[in-house]
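Notes for the one structure printed next.
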Amino acid sequence: MSSLEEQLFEQRKNKLKEWTVKAENPYWTQFTPRNTAIELQGEYARLEKGTKTDKNVEIAGRIIAERKHGKAGFFDLKDATGSIQIYLRADGLGEKYELLHHLDLGDIIGVKGTVFKTRTGQLSIEARGLYLLAKCLRPLPEKWHGLQDIELRYRQRFLDLLVNPQVKDTFLRRVEIIRATRSYLDEKGFTEVETPMMQLIPGGATARPFMTHHHALNENFYLRIAPELYLKKLVTGGLENIYELNKNFRNEGMDRFHNPEFTMLEVYSAYKTYRDMMNLTTQLVCQVTKQIKGTWKIKYQGQEINLTPPWQCITFQAALEEIGGVKVDLESEEEIRRIAQEKELPVEGLSKAQLLEHLLDRQVVPRIIQPTFIMDYPYETAPLAKRKKDNPSLVERFELFVATQEVANAYSELNNPIEQRERLNKVVKDKTMLDEDFLQALEYGLPPTAGLGVGIDRLVMILTDSPSIRDVILFPQMRPRNPE
RNA sequence: GGGCCGUUAGCUCAGUCGGUAGAGCAUCGGCCUUUUAAGCCGAGGGUCGCAGGUUCGAUCCCUGCACGGCUCACCA
């Protein structure tokens, strides 16, 4: 901490002490505001310039700007709803006026006073009572440019929220998106469930998990990488239309599109297929978008995106060929390997499925801007998906891509326990990581079921025009700062 | 983990072709009772991310490290 920083801190602590001695102790002061900025701004929008009212109001908030003029002055007070100007006069405030120099930008105060409009037309409250409710002991970031330092914005999100108005908008938008998602599913008759975050066997995907230890059980647990297997157990148990909307944890690299903990929606519906899920996905995204944006034509990072249904739908093979310019026989591992090499993709030690996905990720996905379903993947890419009846080398799977990002992934779930065991055996190298409980649930009979996963953070990014996943997660993961 | 880039006052940013740094906001003092990025006068505030090296001299050049951004790898 530099000397200036200490100096500012000390100055403000002294002001706090002075206030406590000469007025009240802020941390014991009771003040419950009866009014909000937005309410007053609305109610008095048409008040004539230069008019006083005898309306008494009580409002609380943070001082975000001050303009003092000797024996009078103005504060801009910001509460949760907006901001309003406070007018302070020596005659109106009496002794308290002398204490004004103990207040700083950032202090949280309560104001009692009357509503009026200045001669320049600014709605204001003339203060008759003024109470310090919490002292801001550190200087706020600059009022005009806000907080620009990206690292500080993520590490001290409270400051980011305080001084960068669009940040709060984004996170309020996020809440709306999640709320709209829930209400869509609830209205469709789905039941929200909660399954374990701590799992003995991390299943449903193959990412590296985070590990933790349960002392009483003396057992290692993993933070879930997906809720999928538990949700299918519930479908077996007769909860046939369910969803879960919560965190997953993956111990992988971090970048603009990946945070170690992220929010996933998974939906399962019995007696449905991936085709039904395609419709559900379209409806869900369209309804949420309409509700949030009021239109299906949105802008993401300068690009026009048109979410008006129906969306383009193309098979995996056709996508490789028509979008990626890669004509390949999906059956021929040699050919796939050769083409991957030609495209300068890593091939060493990679399976056919991995090669195919790399081809898709590299050649196709970066070219997809408009919403596009890619469907009918090679069966090796999805061991939990059901094969196509007329072409068993493919599975009933689709992914939705928007703005070069994967947003959703869905299958007709494989419900044949014998085939499921075989296919998992091929993929899961460590047999203790084979979820026998899940296989047993299938053995009791999982109805034909369709499952869907939607990356909520990515959806929020697109609908809030945010370039990085860290812009839509309140406290994104950061490397701890080394103590000096 | 690799590559590229960044880190200067509390905040937002200049700058030094190598001679220990400036502005605006904020802060402190003075004037000002309808201002609104209030105004005017004055003042204080910096181990230029950290540690080494080269040099008479480094904030600037070199190396290493830390943190961050982008990107590649990883992530069925």
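Every chain is numbered from 1, with letters handed out A, B, ... down the list of sequences. What you see is a predicted model, and the numbers here were worked out from it, not measured in a lab.
- Between A:Arg67 and B:U35 there is no side-chain polar atom (N or O) within less than 4.0 angstrom of OP1 or OP2.
- Residue A:Ala65 is out of contact with every strand shown, counting any heavy-atom pair closer than 4.0 Å.
- Side-chain proximity of A:His69 to B:U35, B:C70, B:U12: nearest is B:U35.
- Residue contacts for A:Lys15: at a heavy-atom cut-off of 4.0 Å it reaches the sugar-phosphate backbone alone, with no base atom in range.
- Remark: the A:Glu331 side chain and the A:Ser393 side chain contain an N/O donor-acceptor pair separated by less than 3.5 Å.
- Screening A:Glu266, A:Glu228, A:Arg224 for a side-chain hydrogen bond (donor to acceptor under 3.5 Å, both in side chains) with A:Thr195, the sole residue that qualifies is A:Arg224.
- Across B:A43 and B:G24, the matching P atoms stand 12 Å from one another, rounded to whole Å.
- Within the nucleic acid shown, A:Gly204 comes within 4.0 Å of at least one base atom, counting heavy atoms only.
- Across B:C41 and B:A23, the matching P atoms stand 14 Å from one another, rounded to whole Å.
- Looking at the side chain of A:Gln354, the nearest of the listed nucleotides B:G10, B:U33, B:C75 is B:C75.
- Side-chain N/O atoms of A:Arg119 include none lying less than 4.0 angstrom from OP1 or OP2 on B:U36.
- Only the C1' atoms considered, B:G19 is 15 Å distant from B:C61, to the nearest whole Å.
- Residue-level contact check: A:Arg423 touches neither bases nor backbone, having no heavy atom under 4.0 Å from any strand.
- The side chain of A:Arg12 sits closest to B:U27 out of B:C74, B:U27, B:U33.
- Under 3.5 Å, the side chain of A:His145 and the base of B:C11 form no donor-acceptor pair of N or O atoms.
- Spacing between atom OH of A:Tyr97 and atom C1' of B:U33 amounts to 7 Å, rounded to whole angstrom units.
- Both the sub-6.0 Å distance and the 45° axial angle are satisfied by A:Lys96 relative to the ring of A:Tyr131.
- One interatomic measurement links the two molecules: NZ of A:Lys68 to C1' of B:G29, which rounds to 13 Å at whole-angstrom precision.
- At B:G68, one or more side-chain N or O atoms of A:Arg479 fall inside 4.0 Å of OP1 or OP2 (strictly under the cut-off).
- Among the protein residues, A:Gly146 comes within range of the sugar-phosphate backbone only, with heavy atoms under 4.0 Å from sugar or phosphate atoms but none that close to a base.
- In this structure, of B:C13, B:C67, B:U33, it is B:U33 that holds the atom nearest to the side chain of A:Arg89.
- Within the cation-pi definition used here (under 6.0 Å to the ring centroid, within 45° of the axis), A:Arg157 does not qualify as a partner of A:Phe475.
- Contact annotation for A:Gln85: base contact, defined as any heavy-atom pair under 4.0 Å involving a base atom.
- Within the 4.0 angstrom heavy-atom criterion, no nucleotide atom of any strand lies near A:Arg153.
- Put simply, A:Arg155 has no side-chain N or O that comes within less than 4.0 Å of OP1 or OP2 on B:C67.
- Within the 4.0 angstrom heavy-atom criterion, only backbone atoms of the sugar-phosphate kind lie near A:Tyr154; the bases stay farther away.
- For the pair A:Phe75 CZ and B:U34 C1', the computed distance is 16 Å after rounding to whole Å.
- The gap from the C1' atom of B:U36 to that of B:C25 amounts to 15 Å, rounded to the nearest Å.
- The local environment of CG in A:Leu152 is crowded, with over 12 non-hydrogen atoms from other residues, nucleotides or ligands closer than 6.0 Å.
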| request: Given ring-ring contact (aromatic ring centres under 6.0 Å, His included), test A:Phe210 with A:Phe249 step by step and report yes or no. | output: CA-CA 7 Å; A:Phe210 289 93; A:Phe249 307 85; 7.0 Å; no
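- Across all strands shown, B:G10 forms a Watson-Crick or G-U wobble pair with B:C25, both key distances being under 3.5 Å.
- Closest to the side chain of A:Tyr87, from the set B:C70, B:U33, B:G10, is B:U33.
- In this pair, A:Tyr377 and A:Phe316 present their aromatic rings tilted. The plane angle is within the 30 to 60° band.
- Checking B:G69, B:A37, B:C11 against the side-chain heavy atoms of A:Lys143 singles out B:A37 as nearest.
- For A:Phe116 and B:U35, the CZ to P distance is 11 Å, given to the nearest whole Å.
- Comparing B:G68, B:U27, B:C75 by their nearest atom to the side chain of A:Gln11 picks out B:U27.
- Among the nucleotides B:C75, B:G45, B:U36, the one closest to the side chain of A:Gln7 is B:G45.
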| request: Test side chain to side chain contact (heavy atoms under 4.5 Å, CB included) on A:Glu98 and A:Lys22 and set out the steps. | output: CA-CA 10 Å; A:Glu98 298 307 312; A:Lys22 293 176 182 160; over 6 Å; no
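- When the C1' atom is compared between B:C28 and B:G10, the two are found 14 Å apart, to the nearest whole Å.
- Rounded to a whole angstrom, the distance from the P atom of B:C31 to that of B:A21 is 34 Å.
- Backbone-only contact: A:Glu66 has heavy atoms under 4.0 Å from sugar-phosphate atoms and none from a base.
- The separation between A:Leu345 atom CG and B:C72 atom P is 12 Å, rounded to whole Å.
- Of all nucleotides listed (B:U33, B:G10, B:U34), B:U34 comes nearest to the side chain of A:Thr118.
- A:Arg256 comes within contact range of the sugar-phosphate backbone alone, with a heavy-atom separation under 4.0 Å but no base atom that close.
- Atom-to-atom, NZ of A:Lys13 to C1' of B:U27 comes out at 17 Å; the value is rounded to the nearest Å.
- Remark: of the listed residues A:Ile84, A:Val163, A:Ile63, A:Ile64, A:Ile64 is the sole one forming a side chain to side chain contact (heavy atoms under 4.5 Å, CB included) with A:Lys78.
- You'll find a donor-acceptor pair under 3.5 Å spanning the side chain of A:Asp91 and the base of B:U33, going by distance alone.
- Across all strands, A:Leu140 comes closer than 4.0 Å to no nucleic acid atom at all (heavy-atom distances).
- One atom, CZ of A:Phe74, and another, C1' of B:A38, lie 9 Å apart when rounded to the nearest Å.
- Taking the P atom of each, B:A73 and B:G49 are spaced 33 Å apart, rounded to whole Å.
- Residue contacts for A:Ala382: at a heavy-atom cut-off of 4.0 Å it reaches no nucleic acid atom on any strand shown.
- Within the nucleic acid shown, A:His358 comes within 4.0 Å of sugar-phosphate atoms alone, with no base atom in reach, counting heavy atoms only.
- If you take atom C1' in B:U59 and the same atom in B:G6, they sit 15 Å apart, rounded to whole Å.
- Counting any heavy atom pair closer than 4.0 Å across all strands shown, A:Val163 reaches no nucleic acid atom.
- One side chain, A:His145 or A:Glu142, offers a donor N or O that lies under 3.5 Å from an acceptor on the other.
- Closest contact between the side chain of A:Arg362 and the listed nucleotides B:A73, B:A37, B:A26 involves B:A73.
- For a distance-only test at 3.5 Å, the side chain of A:Gln122 qualifies as a donor-acceptor partner of the base of B:U36.
- In this structure, A:Asp104 atom CG and B:C25 atom P are separated by 17 Å, rounded to whole Å.
- Residue whose closest nucleotide on RNA chain B sits further toward the 5' end, between A:Met254 and A:Glu228: A:Met254.
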